[in-house]
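Input: a single structure, listed below in structure tokens.
Note: hydrogens, waters and symmetry copies are ignored here, and every other heavy atom, side chains too, is used. Since the model is a prediction, treat every value here as computed from it, not as a measurement. All chains are named by letter (A, B, ...) in the order of the sequence lines, taking the proteins before the strands, and each is independently numbered beginning at 1.
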Amino acid sequence: MAKKPNKLKARLPRGFVDRSADDIRATDEMIGKIRAVYEQYGFDPVETPAFEYTDCLGKFLPDTDRPNAGVFSVQDDDEQWMSLRYDLTAPLARHVSENINEIQLPYRTYRAGWVFRNEKPGPGRFRQFMQFDADTVGAPGVQADAEMCMMMADTMEALGIPRGQYVIRVNNRKVLDGVLESIGLGGEENDERRLTVLRAIDKLDKFGIEGVRLLLGEGRKDDSGDFTKGAGLEASAIDTIADFVAGTGSLENEGIAELNTMAGMFKACGYGDDRIKIDPSVVRGLEYYTGPVYEAELLFDVTNEKGDVVQFGSVGGGGRYDGLVKRFTGRDVPATGFSIGVSRLMTALKNLGKLGSSDVVAPVLVTVMDGDVDALGRYQKMVQDLRSAGIRAEMYQGNWKKFGNQLKYADRRNCPVAIIQGSDERETGELQVKDLIEGKRLSEEITDNITWRESRPAQITIREADLIETVRDILDGQADDRRRQSEG
RNA sequence: GCAGACGUAGCUCAGUUGGUUAGAGCGUCGGAUUGUGGCUCCGAAGGUCGGUGGUUCGAAUCCACUCGUCUGUACCA
């Protein structure tokens with residue numbers, strides 16, 4: 001027997017997903033709400049491309065063992081390396097620097113876009129995802145940072161997350177730096193250990209204070225038995241840090257002063273601890289942040305597809321990055337901004353029931369009984385009339401000779417209404433209008449096929465001229481039912 | 001990256017100490033029904049048993065390597 005030719009296997013690269021109609025509509029809705037807040041605050045949109053020259057994206061990674069790890073890079077035909085952007089901040093710094101003479105500072109801008117990371121994907125973690133950023137470039141004062149925090153809080157609420165179910169946590173890198181200096185970890189020679197300590201503090205949510213202490217000391221064994229090496233600090237140094245993240249340490253420095261200024265602004269604007277909170281354990285973006293850092297955290301439980309409760313953690317964050325533009329221009333251009341993880345946040349909002357199944361109704365289906373040119377023209381005209389009346393509609397485009405398949409198609413697409421006109425109806429100037437939703441309900445009471453077919457459930461005969469009015473009545477009735485159900 | 005678990009049809013899974021042509025349910029497609037969705041009945045398609053190599057008379061089953069998935073951890077600019 002001849003060997004079958006090998007079929008090409010259709011497969012998606014790992015860590016990437018195809019997006020469904022529901023997902024796309026929900027994302028559009030979210031982005032619309034976020035944009036409205038940013039616009040209200042006086043921010044303008046700008047868009048940069050997905051690719052940048054690799055050197056413009058910058059390298060903030062300390063480990064040079066894997067210089068290209070994390071990004072997708074390709075070599076252009078002039079042999080220059082380009083990379084897909086891994087966030088929206090570095091490209092903005094490039095854009096501002098390149099147009100620094102035309103851009104009026106302070107520059108208040110927002111943008112949504114796909115970013116790409118070449119790393120291990122996991123559930124809810126992809127190699128392409130959407131971020132929605134807002135930044136103020138050319139603003140040296142912490143009032144700009146405070147505004148960012150308040151805008152994040154407003155955005156959470158605009159998305160329907162109730163007060164108390166989210167919190168914006170704020171810290172300042174200068175505070176952390178001060179603490180580290182006080183335990184003798186100042187100076188360049190301790191860069192590596194400082195990083196390890198910061199990463200350990202960042203794990204507070206995950207492992208609790210005891211886990212963090214292990215990571216600051218000898219190290220910690222994970223659930224699979226693998227061992228993570230710690231920072232190897234002295235017991236007294238660990239105590240100092242533990243006191244600090246618990247908020248019981250005492251310290252005076254520039255970072256604390258900045259946090260106090262910001263706290264004062266939050267209070268003056270009526271943003272209490274239930275919305276924005278100073279939290280000494282916030283670390284974030286370990287390399288390029290230079291001042292205030294902040295992140296948005298969800299406080300409600302999220303259950304995944306398997307029904308497990310998962311820790312959702314941060315859905316966005318940001319901070320002050322005073323050095324990024326200077327890399328290009330040599331000029332001090334202080335900036336602050338934050339990023340919302342759109343895809344992640346959407347998962348959470350679905351859980352909260354804030355993004356229900358979309359309210360987009362499938363089209364009305366005009367079925368095809370006769371395939372001659374005259375008949376097809378009549379069917380298409382009905383479709384156009386429905387569309388002109390603002391009703392989503394389509395003519396069946398499959399094999400019209402199998403009429404049963406047309407209704408099956410309508411059923412599977414959740415079409416609300418089907419229009420039927422064969423030669424019998426045509427002769428009398430009539431139409432059959434079938435309410436498919438009501439028909440589905442009635443089908444539960446009918447068990448034998450003959451009755452089902454002959455009773456033609458939820459189907460009425462009308463004059464051709466009454467098409468629009470009848471369809472509209474049925475659609476309105478269905479919309480009322482949906483409303484009652486979602487309320488009850 | 002490190003550690004562990006797991007890979008059989010589109011999906012969920014059976015498959016005996018290594019033994020003939022690898023099965024079921026659901027789903028898909030066709031028919032019963034040339035002009036009516038659901039139900040029911042009948043039929044069909046769909047598998048390199050993740051891949052490669054090895055042990056063996058014989059491998060879905062045992063071994064090695066590899067790829068992939070999942071869990072934890074690391075990294076996350």
Side-chain angles (χ1 to χ4, degrees), chain A residues 3-7 9-11 13-15 54 57-63 65-67 69-71 83 85-91 93 115-123 125 127 129 195-196 199-200 202-203 206-207 211 215 219-229 283-289 306 308 314 317 319 321 324 339 341 365 367-370 400-415 418-426 432 434-459:
Chain A
K3 200 179 169 188
K4 269 191 225 175
N6 277 342
K7 275 180 289 190
K9 172 122 177 141
R11 61 208 184 99
R14 70 198 176 92
T54 305
L57 287 177
K59 284 245 168 65
F60 308 103
L61 265 185
D63 60 355
D65 311 344
R66 304 181 294 156
V71 296
S83 298
R85 62 187 176 195
Y86 52 74
D87 71 7
L88 298 178
T89 309
V115 301
F116 304 84
R117 293 190 186 177
N118 188 5
E119 43 187 46
K120 179 182 150 189
R125 201 176 143 151
R127 299 206 286 175
F129 55 96
L195 214 53
T196 311
R199 286 170 184 162
D202 202 30
K203 301 284 186 295
K206 223 169 174 179
F207 303 144
L215 284 173
R220 177 181 179 276
K221 200 180 272 189
D222 73 34
D223 292 351
S224 68
D226 197 21
F227 188 75
T228 309
K229 196 170 180 301
V283 178
R284 286 209 65 83
L286 301 158
E287 277 305 297
Y288 68 57
Y289 289 123
K306 294 178 195 162
D308 304 327
S314 159
Y321 50 97
L324 273 190
S339 177
L365 184 73
T367 59
V368 176
M369 279 288 192
D370 300 302
W400 61 273
K401 289 177 182 170
K402 298 192 192 254
F403 188 71
N405 283 351
Q406 301 195 35
L407 287 183
K408 196 183 268 184
Y409 167 84
D411 189 48
R412 292 194 179 176
R413 278 202 71 179
N414 280 317
C415 290
I419 311 297
I420 303 165
Q421 186 186 54
S423 52
D424 296 351
E425 290 86 359
R426 172 67 191 157
Q432 302 283 338
K434 196 175 184 72
D435 180 338
L436 293 169
I437 309 294
E438 176 70 2
K440 184 174 278 180
R441 199 181 62 73
L442 292 174
S443 78
E444 287 163 16
E445 297 155 17
I446 303 172
T447 50
D448 87 291
N449 189 250
I450 306 293
T451 313
W452 166 246
R453 289 163 69 104
E454 289 181 352
S455 69
R456 296 187 172 178
Q459 185 168 326

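For A:R199, a side-chain nitrogen or oxygen approaches OP1 or OP2 of B:C75 to under 4.0 Å. Residue A:R413 has no polar side-chain atom (N or O) positioned under 4.0 Å from OP1 or OP2 of B:G37. Under 4.0 angstrom from either OP1 or OP2 of B:G37 there lies at least one side-chain N or O belonging to A:W452. In this structure, A:R453 reaches the B:U36 phosphate: one of its side-chain N or O atoms is under 4.0 Å from OP1 or OP2.
With both ends at atom P, the span from B:C63 to B:U55 equals 15 Å, rounded to whole Å. Going from the P atom of B:A5 to that of B:C65 covers 13 Å, rounded to whole Å. Straight-line distance between the P atoms of B:A32 and B:G15: roughly 40 Å, to the nearest whole Å. Rounded to the nearest Å, the gap between the C1' atom of B:C6 and that of B:C49 is 15 Å. Rounded to the nearest Å, the gap between the C1' atom of B:C26 and that of B:U21 is 25 Å. For the P atoms, the distance linking B:G19 with B:A60 amounts to 10 Å, nearest Å. Remark: the separation of the P atoms in B:C42 and B:U33 is 16 Å, to the nearest Å. Across B:U48 and B:G23, the matching P atoms stand 15 Å from one another, rounded to whole Å.
With a 6.0 Å cutoff to the six-membered ring centre and a 45° limit on the axis angle, A:R220 does not count as a cation-pi contact of A:F227.
Closest approach to the A:L436 side chain among B:C76, B:G35, B:G37 is made by B:G37 (side chain taken as heavy atoms from C-beta onward). In this structure, the nucleotide among B:A74, B:G30, B:A77 sitting nearest to the side chain of A:T228 is B:A74. Out of B:G38, B:U36, B:A74, the shortest distance to the side chain of A:S443 is found at B:G38. Of the candidate nucleotides B:G35, B:G37, B:C75, B:G35 has the atom nearest to the side chain of A:Q432. Counting only heavy atoms from C-beta on, A:R14 has its side chain closest to B:U69 among B:G38, B:U69, B:C75. Closest to the side chain of A:E119, out of B:U36, B:C75, B:G30, is B:C75. In this structure, the nucleotide among B:G37, B:G30, B:A74 sitting nearest to the side chain of A:K440 is B:G37. Here the side chain of A:L407 is nearest to one of B:G30, B:A74, B:U36, namely B:U36.
Here A:F207 lies in heavy-atom contact (under 4.0 Å) with sugar-phosphate atoms only. If you check every strand for non-hydrogen atoms under 4.0 Å, A:K203 touches sugar and phosphate atoms only. If you check every strand for non-hydrogen atoms under 4.0 Å, A:T447 touches a base. The residue A:E425 sits close to a base: some heavy atom pair falls under 4.0 Å. Residue-level contact check: A:I450 touches neither bases nor backbone, having no heavy atom under 4.0 Å from any strand. Using a 4.0 Å heavy-atom distance criterion, A:Q459 is classed as a base contact. Across all strands, A:G404 comes closer than 4.0 Å only to sugar-phosphate atoms, never to a base (heavy-atom distances). Residue contacts shown for A:T89 are absent, as no nucleic acid heavy atom lies under 4.0 Å away.
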For a side-chain contact (heavy atoms from CB on, under 4.5 Å) check, start with the C-alpha distance between A:R127 and A:F116, then their side-chain angles and the critical distance, and finish with the verdict. CA-CA 5 Å; A:R127 299 206 286 175; A:F116 304 84; over 6 Å; no
List the steps and the verdict of side-chain contact (heavy atoms from CB on, under 4.5 Å) for A:L215 and A:K203. CA-CA 9 Å; A:L215 284 173; A:K203 301 284 186 295; 4.1 Å; yes
Would you please test A:K434 and A:T367 for side-chain contact (heavy atoms from CB on, under 4.5 Å) and show each step? CA-CA 11 Å; A:K434 196 175 184 72; A:T367 59; over 6 Å; no
For A:V115 and A:Y86, run side-chain contact (heavy atoms from CB on, under 4.5 Å): C-alpha distance rounded to whole Å, both residues' side-chain angles, the deciding distance at 0.1 Å, then the answer. CA-CA 5 Å; A:V115 301; A:Y86 52 74; 5.7 Å; no
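A distance of 7.0 Å separates CG of A:L365 from CD of A:Q406, quoted to the nearest 0.5 Å. How far CZ of A:R456 is from CD1 of A:I420: 7.0 Å, rounded to the nearest 0.5 Å. Taking CZ of A:R453 as the reference point, atom OG1 of A:T451 lies at 11.5 Å (rounded to 0.5 Å). Rounded to the nearest 0.5 angstrom, A:Y321 OH and A:Y289 OH are separated by 8.5 Å.
If you measure from atom NZ of A:K402 to atom P of B:U36, you get 13 Å, rounded to the nearest angstrom. Separating the CG atom of A:D424 from the P atom of B:G35 is a distance of 13 Å, rounded to the nearest angstrom. Straight-line distance from the CZ atom of A:F129 to the C1' atom of B:A77: 11 Å, rounded to whole Å. With rounding to whole Å, A:R426 atom CZ is found 17 Å from B:G35 atom C1'. B:C29 atom P lies 14 Å from atom OH of A:Y409, rounded to whole Å. Atom C1' of nucleotide B:C76 and atom CG of A:N118 are separated by 12 Å, given to the nearest angstrom. Going from atom CZ of A:R127 over to atom C1' of B:C76 covers 14 Å, rounded to whole Å. Rounded to an integer number of Å, the gap from A:D448 CG to B:C39 P is 14 Å.
The base of B:G35 lies outside donor-acceptor range of the side chain of A:Q406, with no N or O pair under 3.5 Å. Judged by distance alone with a 3.5 Å cut-off, a donor-acceptor contact links the side chain of A:K120 to the base of B:U73. The base of B:U36 lies close enough to the side chain of A:K434 for a donor and an acceptor atom to sit less than 3.5 Å apart. Residue A:R220 places no side-chain atom within donor-acceptor reach of the base of B:U73, judged by atom type and a 3.5 Å distance cut-off alone. Side-chain atoms of A:R125 and base atoms of B:C76 include a donor and an acceptor less than 3.5 Å apart. For B:G38, its base sits under 3.5 Å from the side chain of A:N449 at one donor and acceptor pair at least.
Here B:G38 sits opposite no nucleotide as a Watson-Crick or G-U wobble pair (both hydrogen-bonding atom distances under 3.5 Å). Across all strands shown, B:U16 remains unpaired; no Watson-Crick or G-U wobble contact has both distances below 3.5 Å. Remark: B:A3 base-pairs with B:U71. Criterion, Watson-Crick or G-U wobble with two distances under 3.5 Å. Using N1 to N3 plus N6-O4 or O6-N4 for Watson-Crick, or N1-O2 and O6-N3 for G-U wobble, each under 3.5 Å, B:G27 pairs with nothing. Taking a pair to require two hydrogen-bonding distances under 3.5 Å in either a Watson-Crick or a G-U wobble arrangement, B:C62 pairs with B:G54.
Of the two residues near RNA chain B, A:D87 and A:P121, the one whose nearest nucleotide lies more 5' is A:P121.
A:Q432 and A:E425 form a side-chain donor-acceptor contact under 3.5 Å, judged by distance and modelled atom types alone.
Stacking between A:Y288 and the base of B:A77 is absent under the criterion of ring centres within 5.5 Å and planes under 30 degrees.
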